[in-house]
Amino acid sequence: MEELRGHHALWRFDEESVRVSFGTGRKVPALFKALGQCLVPLAAVREVEFDPGDRKNGWRIRLRLVDGADPYAPLETGGAAHATTPLQLTGPHDLELVAEYCSDRIAEFARYARETLTALMEPVQVGLGLVPGPPFQARTGEGSATFDGDRLRLQWDGWMASTAKGQERSREFPLAEIECLQWFPQVDFDEGSLRVVLRGVTLPEASGLEHDFFTLASHGLKGSEESLLMAATVNAHIAQADEVTTLEDAGATAELEAARRPEDSEAVFAKIRELGSLHAEGLLTDSEFSTKKAELLDRL
């Protein structure tokens, strides 16, 4: 197994996967600390981007996954989220050649993994491997968001919570009622936020975050990164729940179609012959025989 160490993480990779282990130092982003580690199957890697950078900024490797496998991709706003996705590794300029070699090797392994894939790859399961398992909590200056796998709870008990939210205290949202979580990074002096979008519900526009009881505001980088991780986590579990529902619906439809499927013609004709024998023996009247025969022929 080959490896590449960057600023905040160590990537170990072979022909099947990239194993990412994040550091715990003071400068490591809060998202990485909370995640700890993750596994990326190379069959899910669509593209490997390498940017050599310069002496000041160093190099960057970014994994681009197949559709539906990256729970962070829909949350990227401009370049705001690029520094905090676990699918990116940055490092110092003096390791540029090593990083480029590793980037090429990962791309080569990914092509091989895609070409030799023998089992169906499920993007949703890949996404679940890139987020922490429940229970998970994200804290900001306004309060916290807690996800236990079935419900999301927003609690406004932080020192920056508004009077209105402090009086409301908290709200809970069952996972089945959530369409998605939106994430908005902090820009300049504006607050960032995590927002709940409900299925089939158009929420009224609040006068501001302090009166929006479907949001958890963040002030500063740490709260923003944890909010991003919470959004990716909940959205990954929503995708899994939707996939299960789709499979269950497909199974129910298949069973219904099987129940409605016409009977085998030989079986129908055999039953008609039996009815003919009963009719000939006088056990069925002409009317009964005709009715039963018509019912059987309708099944063809």
Side-chain angles (χ1 to χ4, degrees), residues 31 34-35 67-77 81 85 122-158 160-186 191-218 223-253 256:
L31 183 150
L35 187 54
D67 291 343
D70 182 359
Y72 300 89
L75 302 169
E76 293 186 359
T77 305
T85 171
E122 300 180 2
V124 169
Q125 297 304 315
V126 174
L128 285 174
L130 300 176
V131 297
F136 175 63
Q137 183 179 78
R139 290 207 64 88
T140 73
E142 190 177 65
S144 64
T146 305
F147 177 59
D148 64 4
D150 297 314
R151 308 177 74 85
L152 174 72
R153 176 183 176 87
L154 298 185
Q155 185 164 336
W156 302 289
D157 58 356
M160 296 194 74
S162 64
T163 300
K165 285 187 172 180
Q167 291 175 345
E168 184 74 12
R169 295 187 62 81
S170 67
R171 284 193 181 183
E172 289 191 354
F173 307 93
L175 185 67
E177 296 179 5
I178 302 174
E179 180 178 314
C180 70
L181 291 193
Q182 296 175 331
W183 176 78
F184 303 95
Q186 182 174 347
E191 299 168 312
S193 64
L194 178 72
R195 193 166 200 268
V196 180
V197 178
L198 299 179
R199 295 181 185 271
V201 177
T202 301
L203 300 175
E205 193 70 27
S207 57
L209 289 178
E210 67 272 16
H211 298 292
D212 190 340
F213 301 113
F214 296 88
T215 64
L216 179 70
S218 57
S224 181
E225 289 173 351
E226 290 190 4
S227 296
L228 169 61
L229 185 55
M230 176 60 76
T233 300
V234 173
N235 289 345
H237 282 80
I238 290 173
Q240 181 193 39
D242 288 347
E243 183 178 64
V244 170
T245 299
T246 300
L247 291 175
E248 290 177 347
D249 290 345
T253 301
L256 182 60

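All values below come from the heavy atoms of this structure, side chains included, with hydrogens, waters and symmetry mates left out.
Scanning both residues, Pro185 and Ser224, for their nearest heavy atoms gives CA-OG, 4.1 Å. Across every non-hydrogen atom of Asp212 and Arg195, the tightest pair is OD2-NE, 3.0 Å. Shortest non-hydrogen contact noted between Ser193 and Ser218 is N-OG, 3.8 Å. The two residues Val197 and Gln182 have their closest heavy-atom pair at CG2-CD, 3.6 Å. Across all non-hydrogen atoms, the minimal contact from Pro74 to Pro71 is CD-O, 3.7 Å. Across all non-hydrogen atoms, the minimal contact from Thr215 to Trp156 is O-NE1, 3.0 Å.
Looking only at distances, a side-chain donor or acceptor of Glu142 sits under 3.5 Å from a matching main-chain atom of Ala217. Judged by distance alone, with hydrogens and angles left aside, the side-chain atoms of Lys165 form a donor-acceptor pair with the main-chain N or O of Leu209 at under 3.5 Å. Judged purely by atom type and a 3.5 angstrom limit, Arg171 has no side-chain atom pairing as donor or acceptor with the backbone of Phe214.
Taking CD of Glu168 as the start and CZ of Phe213 as the end, the distance is 5.0 Å to the nearest 0.5 Å. Atom CG of Leu175 is separated from atom CG of Leu152 by 8.5 Å, given to the nearest 0.5 angstrom. To the nearest 0.5 angstrom, Leu216 atom CG is 9.0 Å from Arg139 atom CZ. Between the OG1 atom in Thr233 and the CG atom in Leu181 there is a gap of 9.5 Å [rounded to 0.5 Å]. A distance of 11.0 Å separates CG of Leu75 from OG of Ser227, quoted to the nearest 0.5 Å. Remark: Thr146 OG1 to Gln137 CD distance equals 4.0 Å, nearest 0.5 Å.
With a 4.5 Å cut-off on side-chain heavy atoms, Leu229 and Phe136 count as touching. Residues Met230 and Trp183 have side chains not in contact (no heavy-atom distance under 4.5 Å, counting atoms from C-beta outward). Side-chain contact between Arg199 and Glu177 is absent, with no heavy-atom pair separated by less than 4.5 Å.
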Side chain to side chain contact (heavy atoms under 4.5 Å, CB included), that's the test. Do His237 and Leu128 meet it? Break it down for me.
CA-CA 7 Å; His237 282 80; Leu128 285 174; 3.8 Å; yes
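For Arg153 and Glu172, the salt-bridge test passes: some basic side-chain N is under 4.0 Å from an acidic carboxylate O.
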